[in-house]
Amino acid sequence: MKITISEILKHPDIGKDVEINGWVRTKRGNRNITFIALNDGSTIHNIQVVLDMAEFEEEMVRNVTTGSCIKVNGILSSSPGKEQQVELHANKIHIYGTADPDSYPLQKKGHSLEFLREIAHLRPRTNTFGAVLRIRHAMSYAIHKYFNDHGFYYLHTPIITASDCEGAGEMFRVTTLDPKNPPLLEDGSVNFNEDFFGRETSLTVSGQLEGELAALALSNIYTFGPTFRAENSNTPRHLAEFWMIEPEMAFYDIHDNMDLAEDFLGYLIRYAMDHCGEDLRFLCNMYDKELMDRLNFTINSKYERITYSQAVDILTQSGEKFEYPVSWGVDLQTEHERFLVERHYKKPVMVTNYPRDIKAFYMKQNDDGKTVRGLDVLFPKIGEIIGGSQREEDYHKLCQRITELSLPEKDLWWYLETRRFGTAPHSGFGLGFERLLLFITGMGNIRDVIPFPRFPKNANF
RNA sequence: UCCUCAGUAGCUCAGUUGGUUAGAGCAUCUGGCUGUUAACCAGAGGGUCCAAGGUUCGAGUCCUUGCUGAGGAGCCA
């Protein structure tokens with residue numbers, strides 16, 4: 001195995017002959033000595049490579065510029081400099097690839113995140129995106145580890161779906177028909193019988209319905225995959241293509257659901273602090289001075305659990321002037337959620353028992369005939385990080401709701417059969433992966449926590 | 001999609017009530033410097049002032065439209 005800069009800095013073996021590969025961040029020095037800061041992405045830290053210019057051709061060293069990629073052989077030595085403990089005294093350098101200083105867009109100095117979005121193909125080479133991408137990896141791993149350790153099975157739900165009743169937003173259509181000349185029916189509409197799947201299909205907006213099928217067989221499952229929403233959303237919290245984690249558990253009621261959500265989020269934040277300390281400290285210093293405090297505070301807080309009705313009472317009695325007035329029956333607006341989380345409770349809040357008219361058909365109806373067992377988990381700074389519910393397991397109540405909302409019951413026959421055959425109480429929720437990363441990294445825009453963001457008018461790279 | 005703000009050098013930005021040849025820092029190039037730390041010192045090159053119209057003797061600056069970006073809102077994870 002090749003040795004990485006991360007490993008060398010972690011276990012420096014002074015006097016050892018090593019070979020490292022990486023991209024040049026900066027070069028400085030004079031006629032006698034040159035210093036190269038080299039980074040291979042294995043850690044936020046660079047290793048300092050020292051060149052005694054008497055041993056190297058000036059022309060070769062001239063081509064080692066910011067952005068170029070090199071291989072260095074040399075002796076690991078303790079460094080007399082203040083900024084690092086070890087450095088590499090080079091005796092051989094090979095240039096894999098030069099980077100023309102006139103056209104290479106990344107400089108030694110900081111760039112705006114907006115500019116880096118325009119060069120998303122190169123931004124992984126920056127400290128910021130190196131840190132974000134390493135944290136993103138660690139969080140992916142932690143999610144699988146958490147569920148595996150808790151007896152959940154990873155379920156792969158379809159990405160292409162013919163179900164347009166998932167109710168989570170506008171969908172991207174998937175087709176192989178000729179856009180200029182599609183087959184038509186007599187009434188002039190497109191004949192999707194001739195399409196690839198023989199019917200109209202789209203990219204999934206949620207794996208939940210299929211997740212429920214598996215939970216009612218394996219008891220505890222989760223999905224973790226790409227999700228697509230064709231909403232024209234232009235905000236720092238929305239993407240057209242994002243990754244979602246959706247656990248679904250048989251025999252869990254809404255309280256079990258909340259227990260899991262709180263334990264799961266706490267585990268992930270703790271995992272990041274335990275395993276991504278250096279990257280988090282960098283992001284804290286550069287972008288968000290309160291990041292560490294907020295993460296610490298969150299894992300040490302018990303989440304507040306309130307009902308929608310309680311939330312409405314708190315908001316109406318707060319004396320606060322809201323742009324959107326609060327009354328029982330209307331959905332909570334962002335300003336209301338922020339008030340609850342950031343000003344009233346000052347910690348994460350879980351809201352349940354929403355009016356049934358503002359929530360999806362599959363949520364379990366309460367006995368009061370007015371509310372359903374939906375669940376939103378609200379976080380400081382980013383708002384809704386989780387949406388979920390206990391599901392309606394009663395066949396007749398579910399059918400009744402589908403009829404009331406005029407949903408196409410015939411397209412849901414497979415979903416309804418789980419309620420006809422051995423139905424069971426069950427619950428689940430969806431966690432937006434990039435929303436989690438926003439919270440954990442302290443980044444302000446969701447387009448900066450995914451390598452290649454997709455949003456309205458942009459599918460570059 | 002709506003509201004607000006912005007767009008000037010490769011990057012980050014300044015540019016006065018509309019007035020001569022549009023500036024700075026960094027980056028780049030050249031030279032200097034015996035261990036630097038986003039090195040430092042000196043010099044040089046570098047501009048479709050987002051685009052198209054308009055007002056004016058005169059527009060980077062004012063007006064209209066469009067494009068792009070950011071923040072807020074809606075939708076939601």
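Lettering follows sequence order; numbering is per chain, from 1.
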For this session: Indicate, with a heavy-atom threshold strictly under 4.0 Å, whether A/Thr34 touches base, sugar-phosphate, or nothing.
Result: nothing
For this session: May I ask you to verify if any side-chain N or O of A/Arg237 is less than 4.0 angstrom from the OP1 or OP2 atom of B/rA73?
Result: yes
For this session: Indicate, with a heavy-atom threshold strictly under 4.0 Å, whether A/Arg117 touches base, sugar-phosphate, or nothing.
Result: sugar-phosphate
Problem set entry | Candidates B/rC75, B/rC33, B/rG72 - which lies nearest the side chain of A/Pro236 | B/rG72
For this session: Give one of base, sugar-phosphate or nothing for A/Pro80, where a contact means two heavy atoms less than 4.0 Å apart.
Result: base
For this session: For the pair A/Arg134 (side chain) and A/Gly41 (backbone), establish whether a donor and an acceptor sit closer than 3.5 Å, ignoring hydrogens and angles.
Result: yes
For this session: For A/Ile385, answer base if it contacts any base atom (sugar-phosphate contacts may also be present), sugar-phosphate if it contacts only those atoms, and nothing otherwise; contact means non-hydrogen atoms under 4.0 Å.
Result: sugar-phosphate
For this session: Under 4.0 Å between any heavy atoms, over every strand shown, what does A/Gly29 touch: base, sugar-phosphate, or nothing? Just pick one.
Result: base
Exercise. Quick one: which of B/rA39, B/rC75, B/rG35 gets closest to the side chain of A/Lys108?
Worked result: B/rA39
Exercise. B/rA24 and B/rG15: how far apart are their P atoms, nearest whole angstrom?
Worked result: 15 Å
Exercise. Under 4.0 Å between a Lys/Arg side-chain N and an Asp/Glu carboxylate O for A/Arg356 and A/Glu404?
Worked result: yes
Seminar exercise, completed: Checking N1-N3 plus N6-O4 or O6-N4 for Watson-Crick, or N1-O2 and O6-N3 for wobble, each under 3.5 Å, the partner of B/rC76 is none
Exercise. Looking only at atom C1', what distance separates B/rA38 and B/rC11, rounded to whole Å?
Worked result: 14 Å
Problem set entry | Pairwise C1' distance for B/rU1 and B/rG58, with rounding to whole Å | 41 Å
Problem set entry | Watson-Crick or G-U wobble partner of B/rU37, both distances under 3.5 Å | none
Seminar exercise, completed: Output for pair (A/His45 NE2, A/Ile47 CD1), nearest 0.5 Å, gives 12.0 Å
Problem set entry | Any A/Arg62 side-chain N or O less than 4.0 Å from OP1/OP2 of B/rU30 | yes
For this session: Determine the Euclidean distance between corresponding P atoms of B/rA44 and B/rU56; express it in Å to zero decimal places.
Result: 42 Å
Exercise. Hey, are A/Asp259 and A/Arg305 close enough for a salt bridge, meaning a charged N less than 4.0 Å from a carboxylate O?
Worked result: yes
Exercise. For B/rG74, does OP1 or OP2 lie under 4.0 Å from any side-chain N or O of A/Thr334?
Worked result: yes
Seminar exercise, completed: Rounded to the nearest 0.5 Å, the OH atom of A/Tyr354 sits from the OG atom of A/Ser309 at a distance of 11.0 Å
Exercise. Looking at the side chain of A/Gln333, which of B/rG35, B/rG74, B/rG71 is the nearest nucleotide?
Worked result: B/rG74
Exercise. Contact class for A/Tyr324 vs. all strands (heavy atom < 4.0 Å): base, sugar-phosphate, or nothing?
Worked result: sugar-phosphate
Problem set entry | Residue pair A/Ser42 / A/Glu7, side-chain donor-acceptor N/O under 3.5 Å | no
For this session: Could you label the plane-to-plane angle of the A/Tyr415 and A/Phe361 rings as parallel, tilted or perpendicular, counting under 30° as parallel and over 60° as perpendicular?
Result: perpendicular
Exercise. Between B/rA70, B/rC29, B/rC76, which nucleotide gets closest to the side-chain atoms of A/Pro101?
Worked result: B/rC29
For this session: Take atom C1' in B/rA59 and the same atom in B/rG53, then report the distance between them in whole Å.
Result: 14 Å
Exercise. Is a donor-acceptor pair below 3.5 Å formed from side chain A/Glu83 to base B/rG35, judging by atom type as modelled?
Worked result: no
Problem set entry | Under-3.5 Å donor-acceptor pair between A/Ser233 side chain and B/rC76 base | no
Exercise. With a non-hydrogen cut-off below 4.0 angstrom, is A/Phe242 in contact with a base, only sugar-phosphate, or nothing?
Worked result: base
Problem set entry | For B/rU68, the Watson-Crick or wobble partner whose two distances fall under 3.5 Å | B/rA6
Exercise. With sugar-phosphate meaning primed atoms plus P, OP1 and OP2, does A/Leu239 contact a base, only sugar-phosphate, or nothing at under 4.0 Å between heavy atoms?
Worked result: base
Exercise. Contact class for A/Ser112 vs. all strands (heavy atom < 4.0 Å): base, sugar-phosphate, or nothing?
Worked result: sugar-phosphate
Exercise. Touch check for A/Asp102, heavy atoms < 4.0 angstrom, all strands: base, sugar-phosphate only, or nothing?
Worked result: sugar-phosphate
Exercise. When you compare B/rA6 with B/rC13, how far apart are their P atoms, in angstrom units rounded to a whole number?
Worked result: 13 Å
For this session: For A/His111, answer base if it contacts any base atom (sugar-phosphate contacts may also be present), sugar-phosphate if it contacts only those atoms, and nothing otherwise; contact means non-hydrogen atoms under 4.0 Å.
Result: sugar-phosphate
Problem set entry | Opposite nucleotide pairing with B/rA14, Watson-Crick or G-U, both atom distances under 3.5 Å | none
Exercise. At under 4.0 Å, does any side-chain N or O of A/Asn445 touch on OP1 or OP2 of B/rG71?
Worked result: yes
Exercise. Taking atom C1' in both B/rU68 and B/rA52, what distance in whole Å separates the two?
Worked result: 15 Å
For this session: Mind checking A/Thr66 for me? I need base, sugar-phosphate or nothing, with any heavy atom below 4.0 Å counting as a touch.
Result: nothing
For this session: Please check if any side-chain donor atom of A/Arg28 sits under 3.5 Å from a side-chain acceptor atom of A/Thr26, or the reverse.
Result: yes
Problem set entry | Which nucleotide in B/rA70, B/rC29, B/rU37 has an atom nearest any side-chain atom of A/Gln84 | B/rU37
For this session: In whole angstrom, give me the gap between the P atoms of B/rU16 and B/rG7.
Result: 12 Å
Exercise. Are OP1 or OP2 of B/rA70 and a side-chain N or O of A/Arg447 less than 4.0 angstrom apart?
Worked result: yes
Seminar exercise, completed: Rounded to whole Å, CD1 of A/Ile36 lies from P of B/rA39 at a distance of 13 Å
Exercise. Closer to the 5' end of RNA chain B via nearest nucleotide, is it A/Thr235 or A/Leu431?
Worked result: A/Thr235
Problem set entry | A/Tyr345/A/Tyr303 aromatic ring centres below 6.0 Å | no
Exercise. Any side-chain N or O of A/Arg435 under 4.0 Å from OP1/OP2 of B/rA77?
Worked result: no
Exercise. Donor-acceptor pair under 3.5 Å: do we get one between A/Arg229's side chain and the base of B/rA77?
Worked result: yes
Exercise. Under 4.0 angstrom, heavy atoms only, what part of the nucleic acid is A/Glu241 near: base, sugar-phosphate, or nothing?
Worked result: nothing
For this session: Give A/Asn234 one of three labels, base, sugar-phosphate or nothing, depending on what nucleic acid heavy atoms sit under 4.0 Å from its own.
Result: base
For this session: Report the nucleotide, chosen from B/rG35, B/rU1, B/rU12, that has the shortest atom-to-atom distance to any side-chain atom of A/Phe115.
Result: B/rU12
Exercise. So, does the side chain of A/Gln107 form a donor-acceptor pair with the base of B/rG10 at under 3.5 Å?
Worked result: yes
For this session: Check if the side chain of A/Asn30 and the base of B/rU36 share a donor-acceptor pair of N or O atoms closer than 3.5 Å.
Result: no
Exercise. Does any nucleotide pair with B/rG45 by Watson-Crick or G-U wobble geometry, both distances under 3.5 Å, and what is it?
Worked result: none
